[in-house]
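This report concerns only the one structure given below.
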Amino acid sequence: MDFKADPPPYLSLVAALSYGFASMAMVFINKAVLMQYASSMTLLTVQQLMTTLLIRFGRVMGFTKGREFNVDTAKKLLLVSLFYNANVAFALASLKGVNIPMYIAIKRLTPLTVLIAGFFSGKGRPSTQVTLSVVLTAAGVIIAALGDFSFDLLGYSMALISVFFQTMYLVLVEKSGAEDGLSSVEIMFYNSILSLPFLLFLIIATGEFPDSVSILYAKSTSFSFLVLLLLSMVMSIALNYTMFLCTIVNSALTTTIVGVLKGVVSTTLGFVLLGGVQIHGLNVTGLVINTAGGVWYSFAKYMQKKNKLPKLMTDVETHRK
């Protein structure tokens, strides 16, 4: 199925909802794992290794289909892999010092940066309603973040750097899916296998290895930790797949807006789960503004598609005549 040429409406909806759920679950699972195991680079390396092995196993067993590894394709996707892993690496590092609501608040700045990146990369100027809705969403994020009394400069810096790399990799994923015709599984396979040398270098350069492996082995005797670790592996694969799929069948901006909307639920749960945070009026005000921006954006995109369809049908009829 050529998702980019004519993605079915149900596929776009399923992709967006699946990504929203996987993304929300992954934040809490990673936070829970990092509260017991602080070696974030090693955790990411293990997740990517498992992704590579499972996809390869699925191909051998005939569960999934895809073209064999191609060096030219790998070269085109090398930057995608580097940006992806830089995004996740800085995000995991920020989670060690920033609580979940504030982490999500900072990450919600991504739609605005995606919009700016798309404009400068030649995608054209978005509609006024789309622009204002994304700006409103970002404004709500800033207001909510002002209510954080447990400010962590390093954690905030890591999260902001993660926003930059997430923007770059989302735009590149959308471009590679459109130009090369790669499926979400194929992009995920290239991303995971290309990331391994980079991640191995990181865990050695940061000094995590070999102590992180020893700590991981020691914690393997804990059943609860093993369950969390296994969940992180499964959800890592699910998140990667749904994120690439959502970006391919929808757009990079749609993917990030879905992330913003699911963040409302994640932020609410984050106030009470895994340590919780102190509720402040600025947080509530910011979340309300953020939600309004997300609803406005959804309405604006719906109207764009609704208005585009009659015009397309008119053009087809004119061509036939």
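Just the heavy atoms: all of them, side chains too, but no hydrogens, waters or symmetry mates, feed the values below. Starting from 1, each residue takes its place in the sequence as its number.
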Between atom [atom1] of [X] and atom [atom2] of [Y], what is the distance when rounded to the nearest 0.5 Å?
X: L95; Y: M35; atom1: CG; atom2: CE; answer: 11.0 Å
X: Q47; Y: I237; atom1: CD; atom2: CD1; answer: 9.0 Å
X: I193; Y: M188; atom1: CD1; atom2: CE; answer: 13.0 Å
X: T137; Y: L132; atom1: OG1; atom2: CG; answer: 10.5 Å
X: Q166; Y: I161; atom1: CD; atom2: CD1; answer: 14.0 Å
X: N70; Y: K76; atom1: CG; atom2: NZ; answer: 8.5 Å

Test log, rule side chain to side chain contact (heavy atoms under 4.5 Å, CB included), inputs F83 and L79: CA-CA 6 Å; F83 284 138; L79 280 179; 4.3 Å; yes
For the backbone of [Y] and the side chain of [X], can you confirm whether one donor and one acceptor N or O come within less than 3.5 Å of each other?
X: S157; Y: L153; answer: yes
X: S133; Y: V130; answer: yes
X: N85; Y: S81; answer: yes
X: Y37; Y: S212; answer: yes
X: S23; Y: G20; answer: no
X: K96; Y: L34; answer: no
X: S94; Y: A91; answer: yes

Given the rule that I, L, V, M, F, W and Y join up when any side-chain heavy atoms are under 4.5 Å apart, are [X] and [Y] in one cluster?
X: L54; Y: V88; result: yes
X: M168; Y: L82; result: yes
X: L230; Y: F28; result: no
X: L146; Y: I289; result: yes
X: L43; Y: L226; result: no

Can you give me the closest heavy-atom contact between [X] and [Y], atom names plus distance?
X: K31; Y: V98; answer: NZ-O, 3.4 Å
X: A138; Y: L112; answer: CB-CD2, 4.0 Å
X: L44; Y: A89; answer: CD2-N, 4.0 Å
X: N87; Y: S162; answer: OD1-OG, 2.7 Å
X: A22; Y: M235; answer: CA-CE, 3.6 Å
X: S232; Y: V33; answer: CB-CG2, 4.3 Å

If you count heavy atoms of other groups shown closer than 6.0 angstrom to CZ of F225, is the number above 12? yes
Using the side chain to side chain contact (heavy atoms under 4.5 Å, CB included) criterion, which residues pair with [X]? Sequence neighbours excluded.
X: L231; result: I29, V227
X: L200; result: T45, I203
X: S192; result: Q48, T51, T52

Go through the structure and list residues passing ring-ring contact (aromatic ring centres under 6.0 Å, His included) with Y169, not counting sequence neighbours. Y84
F90: partners by ring-ring contact (aromatic ring centres under 6.0 Å, His included), with sequence neighbours left out: F165
Would you call [X] and [Y] a side-chain contact if the rule is heavy atoms closer than 4.5 Å?
X: N191; Y: L77; result: no
X: R59; Y: I55; result: yes
X: V27; Y: K107; result: no

Please list, chain by chain and in numerical order, all residues satisfying salt bridge (Lys or Arg N to Asp or Glu O under 4.0 Å) with R56, sequence neighbours excluded. E68
Verdict with reasoning, S39 to L216, per side chain to side chain contact (heavy atoms under 4.5 Å, CB included): CA-CA 9 Å; S39 302; L216 185 62; over 6 Å; no
Which residues share a side chain to side chain donor-acceptor pair (under 3.5 Å) with [X], sequence neighbours left out:
X: Q129; value: W296
X: T167; value: T113
X: T285; value: none

Can you list every pair that meets side-chain hydrogen bond (donor to acceptor under 3.5 Å, both in side chains) and has a residue in residues 201-211, with sequence neighbours left out? T42-E208
Side chain to side chain contact (heavy atoms under 4.5 Å, CB included) between N30 and M26: does it pass, once the steps are laid out? CA-CA 6 Å; N30 276 337; M26 195 62 187; 3.4 Å; yes
Pairs satisfying ring-ring contact (aromatic ring centres under 6.0 Å, His included), at least one member in residues 185-208, at least two apart: F69-Y190
Who else is in the cluster with L53 when I, L, V, M, F, W and Y are joined by side-chain contacts under 4.5 Å? L49, L196
